[in-house]
Structures are given as C-alpha cells and as structure tokens.
Amino acid sequence: MRPALNVVTALPRRAVALPPPSANAGANALTACRADSLAHRLADLAHAALVDEAVLSPKPGLVDARGSGAHDDLSLALMLRSADALWPFFHAMAVAAMEAPRIGHALRETLGAIGRDAEAAMLAATAGVNTHRGAIWCLGLLVGAAGLRLRSGSHGAAASIATIARIAGAIAALPDRHRPRITGNKGELACIAYGVGGARAQARAGFPHVVRRALPMLAASRARGDSEAGARLNALLALMAELDDTCVLARAGRPGLDFMQAGAHAVLAAGGVATVPGRRALRRLDGGMLARGASPGGAADLLAATLFLDRVGTLARAADAPV
C-alpha cells in the first residue's frame with residue numbers, strides 16, 4: 001500500500017480581477033471587459049478543478065500525489081500538463097456561450113468543435129495518452145452553461161449551481177451534426193457492452209450524481225469539521241458508491257464495479273475518511289482497486305465537475321451575485 005499524502009490545493013492558474021460595474025459613457029467597453037474577465041475566471045475555475053482532483057490523495061485506484069494508481073501510462077505530472085493545455089479551450093467555451101443568443105444547436109456544435117480541438121491538444125501534450133477526455137466533456141458543458149447563466153447577473157449561489165447543471169444538460173441533449181457517431185473509446189464500448197448510460201447520459205440528465213450526491217456530501221463533510229481533503233474524498237466516494245463508472249467496467253467488468261460501489265459505501269458507512277474505521281475501509285478499497293487494475297476515471301471526472309460547481313457557488317456568494 002502506498003503511503004497517503006495530504007492534498008495540495010491548487011490556486012487558479014490565472015487570477016483576473018473583475019472590474020466594478022459602471023454607468024458612464026464607457027459602459028459598453030466595460031461590459032466587454034467584464035465578459036472577457038468572466039471567461040478568464042471560468043477557465044481558471046475549470047483548470048483549478050482539474051488540478052485539485054489530480055493531486056487529491058489518497059484516491060482509490062486513481063493517479064494522485066502518491067503515484068499512478070491502477071495506471072501504467074499516467075502520472076501526476078502528465079495530468080497537470082494536460083490540465084494546463086486545456087485552459088485556452090475552457091476560455092473559448094466560456095466566450096462562445098456568453099456570445100450565444102440562446103441555448104441551441106449552434107452553441108452545441110460550437111462547444112463540440114472546441115471540445116474536439118481540446119482533445120487534440122490534450123493528446124499532443126501527453127504524447128497520445130488519454131488523461132482528460134471525460135473531463136473535457138463534463139467541464140466543457142458546465143463552463144458553457146456557467147457562461148450563459150452568469151452573464152445574465154442572476155442571483156443566488158445555490159440556484160445558480162442547480163440551474164447551471166440543468167443548462168448543461170439541455171445543451172448536452174442537443175444533437176451535434178459533426179460529432180463522430182462511433183468513437184471506439186473504451187467508455188463508449190463499455191456503455192454498449194453493459195447497457196449503461198455513461199458520461200453522456202449523466203450530462204444529459206443535468207449531472208444528478210454531482211448535484212444530489214457529491215455536492216451535498218462535500219457540504220456535509222465540511223460542516224462536521226472534516227478537512228478540505230477529507231471532504232473532497234468523501235464527495236468522490238459518494239460518486240463511486242452509485243456511479244456506473246464505465247472506466248471501471250472497461251477495466252474490471254461488472255464484478256469490479258460491484259466491488260467499487262460496495263467498498264465506497266463501506267467507507268461512508270464507517271463515517272467517512274476522517275474516522276479510523278473509514279480510513280481502514282478506504283485502504284481496503286484502494287488495495288482491491290489496484291489488485292483489479294480498476295480506476296474510477298468517470299467518478300474522477302465528476303469530482304472535477306463537483307469542484308468546479310462548488311467554486312462557482314463561492315464566486316456567487318462572494319459577490320452576492322454570480323458576477
């Protein structure tokens with residue numbers, strides 16, 4: 001068993017201050033400046049979510065600050081390099097959404113095209129290794145949805161988070177004429193083989209595992225005094241306990257998925273990772289995932305989505321409005 005390390009919380013890669021509102025003659029220019037600043041901020045938040053997910057430790061079966069988990073082609077350095085490569089594409093998605101007149105096919109196809117460019121950039125940065133394909137899909141939709149929602153100045157952090165998830169689902173449900181019908185990706189093949197919905201169905205439903213499980217677990221863990229790392233790990237386990245993770249199915253089949261879900265339930269039932277019984281259960285889960293070569297990459301992608309939405313809510317509360 002690898003030794004556990006404390007999580008390192010990453011700061012946003014580019015911190016951009018939003019200028020205050022003004023009603024002077026330069027209002028149009030200021031509005032454009034604020035829009036660009038918001039796009040930068042959303043890209044920062046998406047990038048930070050990827051970094052914080054990657055370094056969070058100890059994650060069962062996943063790359064983290066301890067090592068490569070169940071993977072032989074991934075490392076923490078590679079995950080961080082991939083996250084850096086994706087920042088410009090999250091920015092472009094935010095801009096595209098903020099400039100779109102409405103949710104529609106044009107926006108869906110624009111986001112899809114940027115997402116495919118982001119995947120190509122990821123593969124170029126990692127010498128062909130898939131580090132964040134699922135995260136590009138999840139975070140790309142949420143960044144776009146946040147751009148649409150926050151540009152309107154709607155109030156209320158909790159409502160914004162729920163609404164952003166619903167908007168992302170509405171975008172995901174629209175067809176993209178340019179999307180490859182069959183990609184041959186392992187997650188897609190697992191959906192077909194095991195009859196599960198995967199990342200696409202999770203997005204189209206408005207990310208229910210994030211909104212109804214991970215975010216409440218994150219809040220509850222913080223409220224009872226768990227460390228930030230512990231709260232995030234408990235949020236990951238809440239996802240693992242329920243998600244039909246296609247990464248696990250592709251690597252370890254249905255028995256591997258059953259083991260993961262039961263093991264995650266056991267950690268949470270023992271009081272989570274802040275308790276001694278919970279940590280023991282987490283070590284058993286981690287060892288079993290490694291022995292099976294199973295890595296819950298789908299849950300990791302949704303944890304990044306959870307951290308992104310949590311940060312969007314913090315941004316809203318800090319300003320008493322989303323922007």
Side-chain angles (χ1 to χ4, degrees), residues 46 49-50 53 59 61-62 86 90 93 97 103 108 111-112 115-116 118-119 130-146 148-149 161-176 179-180 182-183 185-218 232 234-252 254 256-258 260-261 264-265 294-313:
L50 288 181
E53 183 282 316
K59 299 194 301 288
L62 288 161
L86 294 176
F90 292 134
M93 289 174 180
I103 299 172
R108 170 68 181 89
L111 293 177
R116 288 186 286 275
E119 184 174 325
N130 171 25
T131 45
H132 287 121
R133 182 176 287 125
I136 292 169
W137 166 252
C138 295
L139 284 175
L141 288 166
L142 290 170
V143 166
L148 277 167
R149 175 66 173 173
I161 289 174
T163 303
I164 286 167
R166 288 196 297 270
I167 292 171
I171 297 171
L174 294 170
D176 179 354
R179 181 179 69 86
I182 299 294
T183 65
N185 295 334
K186 291 180 179 179
E188 181 181 72
L189 295 176
C191 288
I192 296 171
Y194 294 97
V196 298
R200 195 165 301 280
Q202 202 37 226
R204 287 172 175 168
F207 297 98
H209 283 64
V210 171
V211 174
R212 300 173 193 166
R213 294 183 173 87
L215 282 168
M217 178 60 72
L218 187 67
R232 293 175 181 180
N234 286 337
L236 173 65
L237 290 162
L239 292 165
M240 292 171 62
E242 302 294 338
L243 185 68
D244 289 332
D245 195 312
T246 56
C247 294
V248 174
L249 285 169
R251 284 172 162 263
R254 181 64 67 176
L257 181 69
D258 292 342
M260 178 193 79
Q261 292 178 340
H265 272 296
S295 174
D301 294 336
L302 291 182
L303 177 62
T306 300
L307 298 178
F308 173 78
L309 285 174
D310 179 61
R311 282 184 167 95
V312 169

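- Of all the heavy atoms in Leu148 and Ala97, the pair that sits closest is CD2-O, 3.3 Å.
- The nearest pair of heavy atoms linking Val211 to Pro216 is O-CD, 3.2 Å.
- Other residues, nucleotides and ligands contribute only 12 or fewer heavy atoms inside 6.0 Å of the CZ atom of Arg212.
- In this structure, CG in Leu307 is found 11.0 Å from CG in Leu302, a value given to the nearest 0.5 Å.
- The minimum heavy-atom distance between Ile164 and Ala145, with the atom names listed, is O-CB, 3.3 Å.
- The minimum heavy-atom distance between Ala46 and Phe90, with the atom names listed, is CB-CD1, 3.6 Å.
- For the pair His209 (side chain) and Leu239 (backbone), a donor-acceptor distance under 3.5 Å is absent.
- Here the closest non-hydrogen pair linking Lys59 and Glu53 is NZ-O, 2.8 Å.
- A donor-acceptor pair is defined here as one N or O able to donate and one able to accept, closer than 3.5 Å; such a pair exists between the side chain of Asp245 and the backbone of Ala299.
- Atom CZ of Phe207 is separated from atom OG1 of Thr306 by 9.5 Å, given to the nearest 0.5 angstrom.
- With values rounded to the nearest 0.5 angstrom, Leu139 atom CG is found 9.0 Å from Leu86 atom CG.
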* To do: Test Gln202 against Leu243 for side chain to side chain contact (heavy atoms under 4.5 Å, CB included), laying out the working first.
  => CA-CA 9 Å; Gln202 202 37 226; Leu243 185 68; 4.2 Å; yes

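- Here CG of Leu257 is found 4.5 Å from CG of Leu249. Values are rounded to the nearest 0.5 Å.
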* salt bridge (Lys or Arg N to Asp or Glu O under 4.0 Å) between Arg116 and Asp176, worked out -> CA-CA 12 Å; Arg116 288 186 286 275; Asp176 179 354; 3.2 Å; yes

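- Applying the side chain to side chain contact (heavy atoms under 4.5 Å, CB included) test between Val210 and each of Leu142, Leu309, Ile161 identifies Leu309 as the sole match.
- In this structure, Arg149 CZ and Ile167 CD1 are separated by 6.0 Å, a value rounded to the nearest 0.5 Å.
- Taking CG of Leu303 as the start and CZ of Arg232 as the end, the distance is 8.0 Å to the nearest 0.5 Å.
- The closest side-chain heavy-atom distance from Leu237 to Arg213 is not below 4.5 Å.
- Under the rule for a salt bridge (charged side-chain N to carboxylate O under 4.0 Å, His left out), Glu242 has no partner lying at least two apart in sequence or in another chain.
- For Pro296 against Met240, the heavy-atom pair with the smallest separation is CG-CE, 4.0 Å.
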* Stepwise side chain to side chain contact (heavy atoms under 4.5 Å, CB included) check, Leu236 with Leu62 -> CA-CA 11 Å; Leu236 173 65; Leu62 288 161; 4.2 Å; yes

* To do: Give the intermediate values and the outcome of side chain to side chain contact (heavy atoms under 4.5 Å, CB included) for residues Arg254 and Asp244.
  => CA-CA 9 Å; Arg254 181 64 67 176; Asp244 289 332; 4.1 Å; yes

* To do: Give the C-alpha distance, both sets of side-chain angles, the deciding distance and a yes or no for side chain to side chain contact (heavy atoms under 4.5 Å, CB included) between Val143 and Phe308.
  => CA-CA 9 Å; Val143 166; Phe308 173 78; 3.8 Å; yes

